[in-house]
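The next block holds one structure in the form of C-alpha cells; read it before the comments.
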Amino acid sequence: MKFTIKTDLITKIPADIITLAVNDKNQILCSKQIDTSTLKHLNNILKLGDLNERTGSTLLVHGTTKYSRAILLRIGVHSDLTPKEFFKGIASVSDELNNIKFTKIIFPINQFVNKLITEQAATEYLVRALFDKVYVINSLKTQNKSKPANFQVYLHANKLTIKEIKLGLKNGQAISRGVDLTKDLGNLPPNICTPTYLASEAKKLAREYKMKVTILEQKQIEKLKMDSFLAVAKGSREAPKFIVLEHKKGPTNKKPIVLVGKGITFDAGGISIKPSTDMDEMKYDMGGAATVLGVMKTVGELNLPLNIIMVVPTCENLPDGKAVKPGDIVKSMSGQTIEVLNTDAEGRLILCDALTYSERFKPEVVIDVATLTGACVIALGHHISAVFSNYNPLADELKNAGETALDSVWQMPMEDEYQPQLNSNFADMANIGGRAGGSITAACFLSRFAKKYNWAHIDIAGTAWKSGKEKGSTGRPVSLLSQFLIKRIKN
Ligand code: BES
Ligand code: MN
Ligand code: ZN
C-alpha cells in the first residue's frame, strides 16, 4: 500500500476506483468535484435505494464513466459524523476492496471533515483503518497465502490543508507500522517468539532507530535480586531476558517516560496448570511486551523529541520439576516477600521486579501494559482496556489519548479497601487476592511496587487479541500509547 497526497482537481487524478461519501439525504458530498456523467450514474443508483441508510454502510458500484468502480459510503448527517463511525466506515470500504482487483484508489479527504474530525485526524484514521484491514501474516504458510495489499492510495487534499494532511499521513503510517509489529509478534507461535526472539527484536529497533539497547541475562538478573521474576522463569528451558530499550531524544534534563510490558511468551499456568481448551492463545501473553515494542517502533519512525525507556521482563510460565510451586515464598527485588499461592498469577511476579528496576530512571511516569487477568475480561469484555493508576491526572491523560486514538480505556477503582485480600500468613503478601475483583487486586499487588512514582497499569487481557474465526492480535493499545506520547510533546 502506497500513499500519495494529491492537490490536483479530482478529475485529473488517474485511478480505477473512488470512494465517495453520501449523506442522509442521498447527496454525494463531492458532487461538484467529480465529472457530470459519473455523478449522473451514481445518482441514478442512489435513487434505487440500494445504499443502506445506516452510517458506515457501503455500496460497490460498477460502470461509472471515469472509474471502473466507485464505492459509496453512507456517512449520515455530515456534521454529526463521529471519528468512530468514520473509522468503521473506512473499514467497511476496505472489506469491499478485499473482493476486487484494482490498483489505484482515490479518497477525497474533505468529504469527511467536520467539527469532530479535522483534516489531520481524518487522514490519520483513514490510514490506520486501511493498514488494520490489509494486515496479513503469511510467513509460516506455504500454501494458500493471501496476497499482501499492493495498491496506490491517492489522498485528495485541497492546497490550504495539505500541511495537516501530510502530518496525518505521517502519524497514521508511523502508528500503523508500530501496530503491525505488535500484531506480528503476537501472532508468531510461541516456539518462535521466545524471550530471545523478543530481545533480538529490541536489538533490531535499536539499530534501525539509533536507540540504546541492554539485554540482561540470567546471571545479571540474579545479581539484581529479581527473584520474583526468576521464580516464574525457573520452570522453563528458555533463557529469560530483561530487555531495556532507550530512546533519548528529549531535553537531557527531562525525566523519562517508562513503558513496561509483560513478556510471558507462553503461559501454561505453571504448576497451577491451565485447562487445555484454547491454551494456544496464551502465546498472546506477551501482548504487553509486543505493545511497548510496537510503540518504540512508532517512536522511532516519528523520532519523537521525548525521553522514553522501554522495559520488558520476558520468560515462559511452564510446569516442570524445577518450577515454582504453590506455597513457595520468594523475595522480590524490592525486598518485599511474596507467597506464591497460584503459579498462574505470574504476570504480577515478573512485573513487580520490572517496576522496582524502573525506579533507577527517576521516571516522570511509569506505564505498564499487561495481559494480566481473566477477571478483566469478565469486567470489561473485549472492547475496552482497563486502566488503574495511583495518580488520577495520568489516568485522565490516558483516557483522553484513548478517546482520540479510538483505542479506549476505562478507569477501574484501586481503593485501599481491596489491599487486605492480598494478606498472607507467611509472607508480606500473597500473589492472589481471591475471585472478587480479580483485576483490581492484581493492580493493587503491582501498586505496592510503584510507590515511588506516578504510575498507571493497563490490563489488556480482553483487547490484545481476538479469538475464534478471526483469531489474531489486534495491535492494541499501540495507538493509545502513541497518541499519549504525541500529545505529551506539546506539553
Ligand atoms: N495471562 C493470564 C491472564 C489471562 C487469562 C489473559 C485469560 C487473557 C485471557 C494470567 O497470567 C493469569 O493466568 N491470570 C490468572 C490469575 C489468577 C490465578 C489469580 C487468571 O486471570 O485466571
Ligand atoms: Mn497466568
Ligand atoms: Zn499470564
Side-chain angles (χ1 to χ4, degrees), residues 186 190 193 195 198 228-229 231-236 238 240 260-291 312-320 323-328 338-352 354 368-386 388 412 418 421-424 429-446 457-468 471-474 476-477:
C193 188
L198 290 181
S228 183
F229 171 32
V232 178
K234 269 194 335 176
S236 157
E238 287 290 336
V260 180
K262 170 178 172 184
I264 295 291
T265 59
F266 191 75
D267 181 12
I271 298 296
S272 316
I273 195 164
K274 287 183 182 296
S276 48
T277 313
D278 296 332
M279 206 205 266
D280 67 289
E281 294 190 5
M282 280 299 119
K283 71 175 182 176
Y284 291 114
D285 211 21
M286 33 58 76
T291 295
V312 166
T314 172
C315 66
E316 293 177 325
N317 187 27
L318 296 178
D320 183 79
V324 67
K325 304 172 289 300
D328 283 0
I338 304 162
E339 185 184 13
V340 181
L341 289 177
N342 189 319
T343 66
D344 198 11
E346 85 299 338
R348 61 198 82 180
L349 295 175
I350 73 168
L351 288 171
C352 68
D368 78 70
V369 190
T371 49
L372 202 64
T373 62
C376 181
V377 192
I378 304 301
L380 295 182
H382 296 289
H383 305 292
I384 300 186
S385 314
F388 301 83
M412 300 278 282
Y418 292 90
Q421 287 180 237
L422 296 167
N423 286 351
S424 155
M429 68 193 89
N431 77 328
I432 53 170
R435 273 168 55 81
S439 68
I440 302 171
T441 49
C444 285
F445 179 96
L446 295 178
H457 155 61
I458 305 178
D459 195 332
I460 56 169
T463 51
W465 77 93
K466 288 185 179 153
S467 311
K471 192 187 286 182
S473 168
T474 59
R476 288 180 69 181

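Computation of the quantities below employed the complete heavy-atom set of this structure, encompassing side-chain atoms and omitting hydrogens, waters and symmetry-equivalent molecules. We count ligands from 1, going down the list as the structure has it; atoms in each ligand are counted the same way. Quick caveat, the model's predicted, so the values are computed rather than measured.
The structure places CZ of F445 at 13.5 Å from OG1 of T373, a figure rounded to the nearest 0.5 Å. Atom CG of L351 sits about 5.5 Å away from atom CG of D368, to the nearest 0.5 Å. Interatomic distance, N431 CG to E346 CD, rounded to the nearest 0.5 Å: 9.5 Å. Taking SG of C444 as the start and CE of M429 as the end, the distance is 11.5 Å to the nearest 0.5 Å. Rounding to the nearest 0.5 Å gives a distance of 8.5 Å between CD1 of I458 and OG1 of T291.
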List, pair by pair, the atoms of ligand 1 and of the protein that are both N or O and lie under 3.5 Å apart, giving the separation rounded to 0.1 Å.
from	atom 1	to	atom 2	distance (Å)
ligand 1	1 (N)	K262	NZ	3.3
ligand 1	1 (N)	D267	OD2	3.2
ligand 1	1 (N)	D285	OD1	2.8
ligand 1	1 (N)	D285	OD2	3.0
ligand 1	1 (N)	T371	O	3.3
ligand 1	11 (O)	K262	NZ	3.3
ligand 1	11 (O)	D267	OD2	2.9
ligand 1	11 (O)	D344	O	3.1
ligand 1	11 (O)	E346	OE1	2.8
ligand 1	11 (O)	E346	OE2	2.9
ligand 1	13 (O)	K274	NZ	2.8
ligand 1	13 (O)	D344	O	2.9
ligand 1	13 (O)	D344	OD1	2.8
ligand 1	13 (O)	D344	OD2	3.1
ligand 1	21 (O)	G374	N	2.7

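Taking 4.0 Å as the cut-off between side-chain N and carboxylate O, D285 and K262 count as a salt-bridged pair.
Of all protein atoms, those of element N, O or S that lie under 2.8 Å from the Mn ion (ligand 2) number 4.
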Exercise. Could you walk me through whether F388 and S439 pass the side chain to side chain contact (heavy atoms under 4.5 Å, CB included) check?
Worked result: CA-CA 10 Å; F388 301 83; S439 68; 3.7 Å; yes

For this session: Show your reasoning for whether side chain to side chain contact (heavy atoms under 4.5 Å, CB included) applies to L372 and L446.
Result: CA-CA 11 Å; L372 202 64; L446 295 178; 3.9 Å; yes

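Residues P319 and I271 form a side-chain contact, since some pair of their non-hydrogen atoms from C-beta on lies under 4.5 Å apart.
Note on residues 265-276: pairs passing side-chain hydrogen bond (donor to acceptor under 3.5 Å, both in side chains), not counting sequence neighbours, are D267-N317, S272-N342, S272-T343, K274-D344.
By the criterion of a separation under 2.8 Å, the protein N/O/S atoms near the Zn ion (ligand 3) amount to K262 NZ, D267 OD2, D285 OD2, E346 OE2.
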